[in-house]
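Worksheet for the structure shown next.
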Amino acid sequence: MREILGLMELEGFPPRYNIAPTQPILVAVAAPPLDPGSNRPDRMAVLVRWGLIPSWVKDPREFTLLINARSETAIDKASFRAAMRHRRVLVPASGFYEWHRPPKESGEKLQAYWIRPKRGGIVCFGGLMETYMSKDGSELDTGCILTVGANRTISEIHDRMPVVIEPQDFARWLDCRHGEPRDIVDLMRPADEDYFEAIPVSDLVNKVANVGAELQTPVIPPPKKQKPATDRSDDGQMNLF
DNA sequence: CCAGACGTTGTT
DNA sequence: GTCTGG
DNA sequence: CCAGACGTTGTT
DNA sequence: GTCTGG
């Protein structure tokens, strides 16, 4: 991931297997303009609270937790408009969890899935951040992840999925100095059908107190046909969500 | 115009 | 701060 | 799901 | 008839 993002700050960042809203997440942002000849990286890593707080919020305690933003509407929403223009970020992860909620009548149980790139490695989600100034003068960096309608593969599980930004689009996504929202709308689209694989996992993941690698151990879900996951092991560097 | 909301998803 | 609903 | 709206203007 | 708001 360090190689992918060009960040220096990632050494020694431990793997995390169950990141819940309000917890810190690592994001990549564009660094301030470089001096000519500088070899400083043009991106930097920031830890933000997962749950965006717009700058105009009076009392964060009474404000809804904004962990996702719909990419179709974020440009026009008061809560996301400024961040969409000025504070786009990349959120690196080794995948995400999603829950399949069967119709109540079906009798099927809620099934959790660990969803990761088929090729393994790191995926970068499109996200937004804000720096919130509280009344006591302290700053709180917060962020959220953009979503888009699920592709056919993921829609078996859920109707939405995170926006995936490909490496060749990182620079354009992050360049908020020149790139306006209309210049990046094309990047907010469902991932290719074969980009992700969904691995059924146990309901251990449902409890945020469970945080170990065993959360990603494949299970065979009871009734429906579901291809068991491979046992290809993860690189263990950065297991977000 | 003015007052009030400002969001998503449904357990990540 | 900006948008929406009345 | 059901009830209610279904339109525009917004300084005349 | 269809959409929206609760």
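Lettering of chains follows the sequences in order, A, B, ..., and the numbering in each one begins at 1.
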Exercise. C:dC3, B:dT9, B:dT12: which one has an atom nearest the side-chain heavy atoms of A:H158?
Worked result: B:dT9
Seminar exercise, completed: Across every strand shown, the nucleotide meeting Watson-Crick or G-U wobble geometry with E:dG6 (both distances under 3.5 Å) is D:dC1
For this session: Tell me whether A:W99 is stacked on the nucleobase of B:dT12, counting only the six-membered base ring and applying the 5.5 Å and 30° thresholds.
Result: no
For this session: Indicate whether OP1 or OP2 belonging to B:dT9 is found under 4.0 Å from a side-chain N or O atom of A:T147.
Result: yes
For this session: Sort out the partner of D:dG7 for me: Watson-Crick or G-U wobble, both distances under 3.5 Å, none otherwise.
Result: none
Problem set entry | Proximity to the side chain of A:I67 - top-ranked nucleotide from B:dT8, B:dT11, B:dT12 | B:dT12
For this session: May I ask you to say what A:V57 touches in the nucleic acid, namely base, sugar-phosphate or nothing, with a heavy-atom cut-off under 4.0 Å?
Result: nothing
For this session: Indicate, with a heavy-atom threshold strictly under 4.0 Å, whether A:T22 touches base, sugar-phosphate, or nothing.
Result: nothing
For this session: Quick one: pull up NE2 in A:H158 and OG1 in A:T147 and give me the separation to the nearest 0.5 Å.
Result: 8.0 Å
Exercise. Over how many whole Å does the gap from A:D203 atom CG to B:dT12 atom C1' extend?
Worked result: 15 Å
Could you give the side-chain donor-acceptor pairs of residues 189-196 of chain A under 3.5 Å, partners two or more places apart or in another chain?
residue : atom : partner : partner atom : Å
A:R189  : NH1  : A:D186  : O            : 2.9
A:E193  : OE1  : A:R152  : N            : 3.3
A:E193  : OE1  : A:T153  : N            : 3.0
A:E193  : OE1  : A:T153  : OG1          : 2.8
A:E193  : OE2  : A:R152  : N            : 3.0
A:Y195  : OH   : A:R119  : NH2          : 2.9

For this session: Report yes if a side-chain nitrogen or oxygen of A:R81 is closer than 4.0 Å to either non-bridging phosphate oxygen (OP1 or OP2) of C:dC3; otherwise report no.
Result: yes
Problem set entry | Side chain to side chain, A:F63 and A:S79, heavy atoms closer than 4.5 Å | yes
Exercise. In whole Å, what separates the P atom of D:dA3 from that of B:dT11?
Worked result: 27 Å
Seminar exercise, completed: Of the candidates B:dT12, B:dT9, C:dT2, the side chain of A:Y97 sits closest to B:dT12
Problem set entry | Distance in angstrom units between A:K77 NZ and C:dT4 C1', rounded | 10 Å
For this session: Kindly say whether the aromatic ring centers of A:W114 and A:Y97 come within a distance under 6.0 Å.
Result: yes
For this session: Any pair with a residue in residues 59-70 of chain A that passes salt bridge (Lys or Arg N to Asp or Glu O under 4.0 Å), sequence neighbours left out, goes on the list, sorted by first then second residue, please.
Result: A:D59-A:R61
Exercise. Quick one: which of B:dT11, B:dC6, C:dC3 gets closest to the side chain of A:F63?
Worked result: B:dC6
Seminar exercise, completed: Looking only at B:dT8, C:dT2, B:dT9, the nucleotide nearest the A:R160 side chain is B:dT9
For this session: Rounded off to whole Å, could you give me the CE-to-C1' distance for the A:M84 and C:dC3 pair?
Result: 17 Å
Exercise. The side chain of A:N18 lies closest to which of these nucleotides: C:dC3, B:dT11, B:dT12?
Worked result: B:dT12
For this session: Give a yes/no on whether any side-chain N or O of A:R70 is located under 4.0 angstrom from OP1 or OP2 of B:dT9.
Result: yes
For this session: Would you indicate, yes or no, if B:dA5 has its OP1 or OP2 atom less than 4.0 angstrom from a side-chain nitrogen or oxygen of A:S79?
Result: no
